[in-house]
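Data block below; observations after.
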Amino acid sequence: AITDLETHPNGSIYILGRSTPERKGSAVGLMYRIFTSGPVPKVAVTSPSNGARLTTGQPGVGTVDVPVTITASDSNGGLSLVEVLLGNNVVGSCTGSPCTVVVPGLGRGTYTFRARAVNVLGNSKTSEAVTVTVDGPDAIITTPSVGSNFRAGTAFAFSGQATNADGSPLSSANAFMWLIYLNHGTHRHLEGIYAGVTSGTFTLSSNAETDPDISVGIELTVTDAFGVSATTSRTVTPIKPTLTLATTPVAGLEVKVDSAFWVSPYGFESVAGVTRTIGAPLKQNLASNGHWYAFQSWSDGGAYQHTITTPVTDTTYTAVFRDATGTGTGLYGEYFPNTSLTGLACETNEGINQDWGTGTPPCGALPADGFSVRWSGKLQPYFTEDHTFYVEADGGVRLWVNNVLIIDSWAESSAERTSSILSLNGGSLYNIKLEYQDTTGVARARLYWATSGVLKEIIPTSQLQPSKVITSPPP
């Protein structure tokens, strides 16, 4: 049963009572406490007012000290602490009310203040937010306009204007500072500083960067008489056409952009006005058909490797090649049953890549030893360059090119014979004749050539044309 009830100044309620025993004996006294968290304080930021706009008001000083005044009260027990919050950070405190905390060194920007009061019971309350703006000058870039493009190597203009915190013009050129950056991927390079001018021109070098992932950043900072600054920026993007390198008469040949080789046709983005180097090998072999190709010209008239200035529109540059691989079927071969090159036994069209061993050439009635062969016709070089000829033979050989005897070794020998160097023009036709005799033992004859661009190889039949076309196979 309840025997008493008391109220404490802190708001707690104490209840006294006595229990009724279930069995005979003494009753048990009881006390209960009913309590609440107690009252919370009241708190508010009374100055500056919400939405207030402040200026530094101190010439040469770019910041302002902001006094924040707080009122707080508590209905029971009193206050123990009052704090000032800038954002979520405590920047000052006091114990009385009202009280003022000075927040120093605030530059141009918008700030949020709150106050928090704590009473002696430990209960706290945070006030509504007060937003304050510290005003300063305003910077405006007028040119280039938003969305403008640039071309490397060509100047573009920049200009700007500014106002003071009160909206009046900030017209002194000394208040202006321009920084020009080349933005490249995730980093940037400072390209120019222009101080004390309200306008100017800037030219990005044509050799600045070949990567198309670039832009120009323009940054304007203005500073008023109080030392308060404002900065604004603008990004200008480049004109980026697609350039294509093609080859004719076939695709798939190599082309070169700057230092890298690619297979044609090859397309890539490039910044307008940027200098690029395009090129093509003077000679190359196409794996898909085995043909050799000799560079002739570029469609823009440039040398095999030359620089271009990237145009503003999509453009194709075509490298013209000559198919250096001929259509020949070999030389005219005459086989004789003796070593005097008389008494024709049979004739055929073939290349000079013969190895008969100790047997008999499959051409008419020839002996295994003591026969001779004469091959004749036209030779078509791939390219214009110096040529060296080699004859690998068991027997005697004589070789004429362009009616000049360049190998004269008629005695029986198994050693390789080498000619002097001959300068020949690619695509031209030259008289060629090779005479061979076998007197005894192994018989073979192979004709090679080599140049600065072609490793030593047996002269392909495609580069040999017969002096006489044989339509029937040898007997």
Side-chain angles (χ1 to χ4, degrees), residues 247-250 252-256 261 264 279-298 303-305 318-334 348-354 373-393 397-409 416-436 444-470:
T247 56
T248 187
V250 293
L253 295 174
E254 282 192 341
V255 289
K256 187 180 181 183
F261 285 92
S264 71
L282 289 172
K283 43 187 172 273
Q284 58 181 296
N285 185 267
L286 184 60
S288 62
N289 62 10
H291 284 211
W292 283 96
Y293 292 88
F295 172 81
Q296 301 294 291
S297 63
W298 278 100
Y304 79 98
Q305 181 167 294
T318 301
V320 179
F321 285 82
R322 171 179 60 83
D323 188 342
T325 299
T327 58
T329 57
L331 297 177
Y332 171 52
E334 302 170 87
T348 185
N349 292 153
E350 62 187 5
I352 306 177
N353 180 19
Q354 308 298 329
V373 187
R374 179 189 295 118
W375 292 280
S376 61
K378 298 290 185 181
L379 172 73
Q380 184 180 20
Y382 293 128
F383 312 112
T384 299
E385 52 192 351
D386 292 340
H387 291 66
T388 302
F389 293 85
Y390 308 85
V391 178
E392 179 189 289
V397 294
R398 291 189 289 250
L399 175 63
W400 290 262
V401 174
N402 199 25
N403 302 316
V404 177
L405 180 63
I406 59 173
I407 293 177
D408 186 3
S409 180
E416 182 179 76
R417 284 79 152 188
T418 304
S419 76
S420 57
I421 295 175
L422 292 180
S423 180
L424 303 176
N425 294 323
S428 297
L429 295 175
Y430 296 89
N431 290 328
I432 184 171
K433 179 173 67 175
L434 175 65
E435 294 179 342
Y436 167 80
R444 61 192 172 99
R446 294 188 176 96
L447 178 59
Y448 297 80
W449 64 5
T451 72
S452 60
V454 178
L455 297 177
K456 179 181 175 183
E457 66 172 1
I458 294 174
I459 300 178
T461 57
S462 63
Q463 306 309 115
L464 301 171
Q465 298 182 12
S467 56
K468 179 181 178 181
V469 176
I470 303 301

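All residue numbers in this chain count up from 1 along the given sequence.
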Check Ser467 against Ser376 and note the closest heavy-atom contact, atom names and distance.
-> OG-OG, 2.8 Å
Mind checking side chain to side chain contact (heavy atoms under 4.5 Å, CB included) for Ala450 and listing every partner two or more places apart, or none if nothing turns up?
-> Tyr390, Lys456
By salt bridge (Lys or Arg N to Asp or Glu O under 4.0 Å), which residues pair with Glu385, not counting sequence neighbours?
-> Lys283
Residues two or more places apart in sequence or in another chain: which of them pass side chain to side chain contact (heavy atoms under 4.5 Å, CB included) with Leu282?
-> Phe295, Tyr304
What is the minimum heavy-atom distance between Ala294 and Ala324, and which atoms define it?
-> N-CB, 4.4 Å
Where Val255 and Ser264 come nearest, the two heavy atoms and their spacing | CG1-CB, 4.2 Å
With sequence neighbours excluded, what pairs up with Ser462 under the side-chain hydrogen bond (donor to acceptor under 3.5 Å, both in side chains) test?
-> none
Which heavy atom of Trp292 sits nearest a heavy atom of Gly453, and at what distance?
-> CH2-O, 3.8 Å
Closest approach of Asn353 to Ile458 (non-hydrogen atoms, all atoms of both residues) | OD1-CD1, 3.3 Å
Output, in order, the C-alpha distance, side-chain angles, deciding distance and verdict of side-chain contact (heavy atoms from CB on, under 4.5 Å) for Asn431 and Trp400.
-> CA-CA 8 Å; Asn431 290 328; Trp400 290 262; over 6 Å; no
Not counting sequence neighbours, which residues clear side chain to side chain contact (heavy atoms under 4.5 Å, CB included) with Leu429? List them please.
-> Lys378, Gln380, Gln465
With side chains defined as the heavy atoms from C-beta onward, is the minimum distance between Ser452 and Asp386 less than 4.5 Å?
-> no
Any chance you could lay out the side-chain contact (heavy atoms from CB on, under 4.5 Å) test for Val250 and Leu286, step after step, and finish with the verdict?
-> CA-CA 9 Å; Val250 293; Leu286 184 60; 3.9 Å; yes
Nearest 0.5 Å please: distance from the NZ atom of Lys433 over to the OH atom of Tyr332.
-> 13.0 Å
Is it true that the side chains of Glu350 and Trp375 contain a donor and an acceptor less than 3.5 Å apart?
-> yes
Glu334 meets the salt bridge (Lys or Arg N to Asp or Glu O under 4.0 Å) criterion, sequence neighbours left out, with Arg374
Smallest heavy-atom separation, Pro281 atom then Phe321 atom, equals O-CE2, 3.5 Å
Kindly determine whether Ile432 and Leu447 satisfy side-chain contact (heavy atoms from CB on, under 4.5 Å), including the steps that lead there.
-> CA-CA 11 Å; Ile432 184 171; Leu447 178 59; 3.8 Å; yes
CD1 (Ile421) with more than 12 external heavy atoms under 6.0 Å = no
Hits for ring pair (Phe, Tyr, Trp, His ring centres under 6.0 Å) against Trp449, two or more places apart or cross-chain, chain-then-number order -> Tyr382, His387
Distance-only, no hydrogens or angles: does the Thr348 side chain make a donor-acceptor pair with backbone N or O of Gly333 under 3.5 Å?
-> no
Taking the side chain from Glu254 and the backbone from Gln284, do they hold a donor-acceptor pair closer than 3.5 Å?
-> no
Set of side-chain hydrogen bond (donor to acceptor under 3.5 Å, both in side chains) partners for Tyr293, sequence neighbours left out = Asn289
Taken in chain and number order and not counting sequence neighbours, the residues that satisfy ring pair (Phe, Tyr, Trp, His ring centres under 6.0 Å) with Tyr448 are none
With sequence neighbours excluded, what pairs up with Thr461 under the side-chain hydrogen bond (donor to acceptor under 3.5 Å, both in side chains) test?
-> none
Can any side-chain N or O of Gln463 pair as donor or acceptor with the backbone N or O of Leu379 at less than 3.5 Å?
-> no
Answer yes or no: is there a donor N or O on one side and an acceptor on the other, between the side chain of Asn285 and the main chain of Gly290, under 3.5 Å?
-> yes
Partner set under side-chain hydrogen bond (donor to acceptor under 3.5 Å, both in side chains) for Thr384, not counting sequence neighbours = none
Option passing side-chain contact (heavy atoms from CB on, under 4.5 Å) with Val391 (candidates Val397, Ile406, Ile352) = Val397
Return the set of residues passing side chain to side chain contact (heavy atoms under 4.5 Å, CB included) with Val320 (not counting sequence neighbours), or none when no residue passes.
-> Thr248, Gln296, Ser297
Determine yes or no for a side-chain-to-main-chain donor-acceptor pair under 3.5 angstrom, with Asn349 supplying the side chain and Ile470 the backbone.
-> yes
